[in-house]
Amino acid sequence: MNKQKKNYIIIPIITSILSLGILLFSSVNFNTKNNKSYNTFKSDLELNQVLKVALSNNPYMTIYLKDGTSYKTDNPNSPTLKEELLSKNISINENNNINVTKTFAGLLLLGSIITLVFMSTNKSKGMSSATSIELTDFSEDSSKALSFKDVAGNEEAKESLKEIVDFLSNPEKYKSYGARMPKGVILYGDPGTGKTLLAKAVAGEAKVPFYALSGSDFVQVYVGVGAARIRNLFKKARSHGKAVIFIDEIDAIGKNRDGGKTAGGNDERDQTLNALLTEMSGFGESEGVIVMAATNRLDILDQALLRPGRFDRHIEVALPDVSAREKIINLHLSNKPHIDLNIKDIAKKTSYFSGAKLENLINEAAILAAKDNSECITETHIDKAYSIVLAGHEKLERSHLKASDLLLTSYHEVGHALTSLLLLPEDEVSKISIIPTTKGAGGYTLTIPEDTNYQRADYLKKKIMVMLGGRAAEEIIFGKEKITTGASSDLNNATNIAMGMISEYGMGETLGLLKLSSLGSMASGYSTKVIEECKDLINSLYDDTLKLLNNNKELLEKFSIELLEKETLKKEEIDIWKKLC
Ligand code: ADP
Ligand code: ZN
């Protein structure tokens, strides 16, 4: 709603600039262009050069000569001039109307300014009443209410939240036992794992209104606005009696104050955070208001938020495992026609997919089925959707592709695939393609990683080698001078893993078992050494990758040629190469 208003405000801004432009242009044009002195006009008159004179009630008149040129000169405004002209058979054009263009532009400008003023006052009114608060009142319309049935998997999280629902439904019961119920619950876990969904389900199950706000709404607002919004939110919620208040991305306001990167104060964030803490300690335990917050990372939150009486209940919402994925897929397929789908197999192929990504997968498949006018979603639609979700849509316009680009891409992608087949046979390479995608990749290699909770250090190193395999293949086949920018996102991923190993997982030398993020500002002296170590690790893994692919150069070449011919290789075709490794 707010966004739309922002877009519309552009219109009066543009019209006012335009009309101002027209006004300026027309008056400039009127006053200065081709001006000549009155004496020139007089001599032209004498020499019988004048064809026509345009008179108006402004201080200039326009003289048209017989040779086709024209100029402006001062208008003496004397009746004798008219007489003289008429007697010389010179025609007169009298135009006493006010300039039409000017009037129109003036009116337009006035109108735009009025609209602008109107719109901006309207907008600030909206701001002060905090339009960014999303309210869904499940107590009034129970048909829209979400329940725990709408959340598949996440069994542990749902179990702890059932308690909260019970508390919201009868707070008096808990009070009579003298039990102190949590005021705040933090749901933490990867994006798209269903945190918002769970919070909505709690409100739905308890049949109370759901008030939601996102921490990112507070970033870069004026000092004081954030705090006011928080107070406003709580006031509204409490006026209802019972409610669930949900704050998404709480880390935007509740980030650790002395954590490494955020040194130096941020008044606005502190004020907002303080307002939140004050509001939370302001209401009694039996009021039936519960504040739920979501974050991707619990460890970066300010300790003040996590103390008893604040967000003292922490619930992990993890990425779904195979059986949870199966449930989520089934849930999202339940309202869509489908046939012959091996759901167990889809669940297996989607390790590390979040609930949101699974929902996206099923939705893309449904769109493809609708496009095909197919009666049902089939295996083919799921397969296609799988590539779309992981790599983006394939570009339809492919005629511009240069043969040399395709050749390079096929070596690059086979570099990844071959390294993976050689080093990580338990990870499955499910598709390789040299068709560019709308996400900007020249081609892509899809692998299905082994489904485990922990990743061993040697696995991570091999994973880095797979990421470097693309660049290594380019260098082996085309030479060091011909390497391309195509490896940019690979290098990004490799750097992230290597940095994680050294700074977060205690797998490096510089920090040993210390965790960089726990050191806060004390870590500053170490950053150069950590980067050095990361660089050494990646360089030595790159050398290993070069060696590995050089030893299998024949395989690399033949494999790439097949990819170049077929453009896309499926699992069955890749498996043949796997046997040759
Ligand atoms: P988060 O708040 O953790 O980022 P959301 O709750 O916004 O994630 O999830 C986004 C969407 O993904 C949901 O609307 C839902 O369609 C789907 N989704 C995520 N997790 C689940 C789940 N466990 N069961 C069913 N759908 C899910
Ligand atoms: Zn690559």
Side-chain angles (χ1 to χ4, degrees), residues 134 146-158 161 186-204 210 212 214-216 246-251 292-297 315-321 323-336 347 350 353-363 366 389 391 408-420 432-434 436-437 439-447 464-475 483-494 545:
E134 175 202 336
L146 291 177
S147 77
F148 284 141
K149 284 204 196 78
D150 297 301
V151 191
N154 287 326
E155 301 304 334
E156 297 88 350
K158 278 196 274 189
L161 289 172
I186 288 201
L187 303 171
Y188 66 97
D190 285 303
T193 42
K195 297 181 289 293
T196 313
L197 202 62
L198 277 165
K200 281 189 177 165
V202 168
F210 176 80
S214 172
S216 58
F246 178 66
I247 304 176
D248 203 2
E249 297 176 63
I250 182 110
D251 33 302
M292 301 182 75
T295 178
N296 301 338
R297 291 183 54 188
I315 298 176
E316 184 178 12
V317 188
L319 284 174
D321 60 11
S323 75
R325 289 200 297 273
E326 200 181 322
K327 286 180 200 158
I328 298 174
I329 294 166
N330 270 318
L331 180 77
H332 287 288
L333 276 175
S334 63
N335 59 352
K336 301 177 181 75
T350 45
F353 269 48
S354 66
K357 216 164 167 183
L358 288 170
E359 192 271 339
N360 190 218
L361 173 76
I362 305 295
N363 188 47
V389 170
L408 184 118
T409 311
S410 62
Y411 275 106
H412 179 104
E413 295 308 328
V414 168
H416 288 305
L418 193 56
T419 319
S420 181
I432 317 172
S433 174
I434 53 171
T437 70
K439 277 192 187 165
Y444 55 92
T445 301
L446 301 181
T447 52
I464 295 178
M465 288 175 72
V466 172
M467 281 155 188
L468 300 174
R471 165 60 69 84
E474 286 182 34
E475 185 177 332
I483 53 175
T484 69
T485 53
S488 160
S489 85
D490 298 334
L491 299 182
N492 204 3
N493 296 335
T545 316

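In this text the structure is predicted, and so the values were computed from the model without any measurement. Counting starts at 1 for both ligands and their atoms, in listed order.
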Point-to-point distance, once rounded to the nearest 0.5 Å, from [atom1] of [X] to [atom2] of [Y]:
X      : Y      : atom1 : atom2 : result
Glu155 : Phe148 : CD    : CZ    : 10.5 Å
Leu319 : Thr350 : CG    : OG1   : 11.0 Å
Arg325 : Lys327 : CZ    : NZ    : 12.5 Å
His416 : Glu413 : NE2   : CD    : 5.0 Å
Ser216 : Ile247 : OG    : CD1   : 12.0 Å

So which heavy atom in the protein is nearest [atom], and how far is it from that ligand atom?
atom                    : value
atom 15 (C) of ligand 1 : Leu197 CD2, 4.0 Å
atom 10 (C) of ligand 1 : Ala356 CB, 3.8 Å
atom 2 (O) of ligand 1  : Thr196 OG1, 2.5 Å
atom 18 (N) of ligand 1 : Gly355 C, 3.6 Å

Please identify which atoms of ligand 1 are closer than 4.0 Å to at least one heavy atom of [X].
X      : result
Ala152 : 22 (C), 23 (N), 24 (N), 25 (C)
His332 : 16 (O), 25 (C), 26 (N), 27 (C)
Val151 : 23 (N), 24 (N)
Asn154 : 23 (N)

Whether Lys327 lies under 4.0 Å from ligand 1, heavy atom: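 Under 4.0 Å: no for Lys327.
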Contact with ligand 1 for Gly192, non-hydrogen, under 4.0 angstrom: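 Checking ligand 1 against Gly192, which is what was asked, there is a heavy-atom contact under 4.0 Å.
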Criterion side chain to side chain donor-acceptor pair (under 3.5 Å) against His412, the qualifying member of Thr445, Thr484, Asp490: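 Testing His412 for a side chain to side chain donor-acceptor pair (under 3.5 Å) against Thr445, Thr484, Asp490 leaves exactly one candidate, Asp490.
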Can you tell which part of [X] has a heavy atom less than 4.0 Å from ligand 1: side chain, backbone, both or neither?
X      : result
Leu358 : neither
Lys195 : both
Thr193 : both

The Zn ion (ligand 2) - closest N/O/S atom in His416: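 Answer by atom name: NE2.
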Apex the Zn ion (ligand 2) - arms OD2 from Asp490 and NE2 from His412 - angle rounded to 10°: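 With the Zn ion (ligand 2) as the vertex, the angle is close to 100°.
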Contact (N/O only, under 3.5 Å) between Glu359 and ligand 1: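 The answer is no, given that Glu359 and ligand 1 share no N or O pair closer than 3.5 Å.
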Check: Leu331 N/O within less than 3.5 Å of ligand 1 N/O: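 N/O-N/O distance below 3.5 Å does not exist for this pair.
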More than 12 heavy atoms from other groups under 6.0 Å of NZ on Lys336: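 Yes, the 6.0 Å shell around NZ holds more than 12 heavy atoms from other groups.
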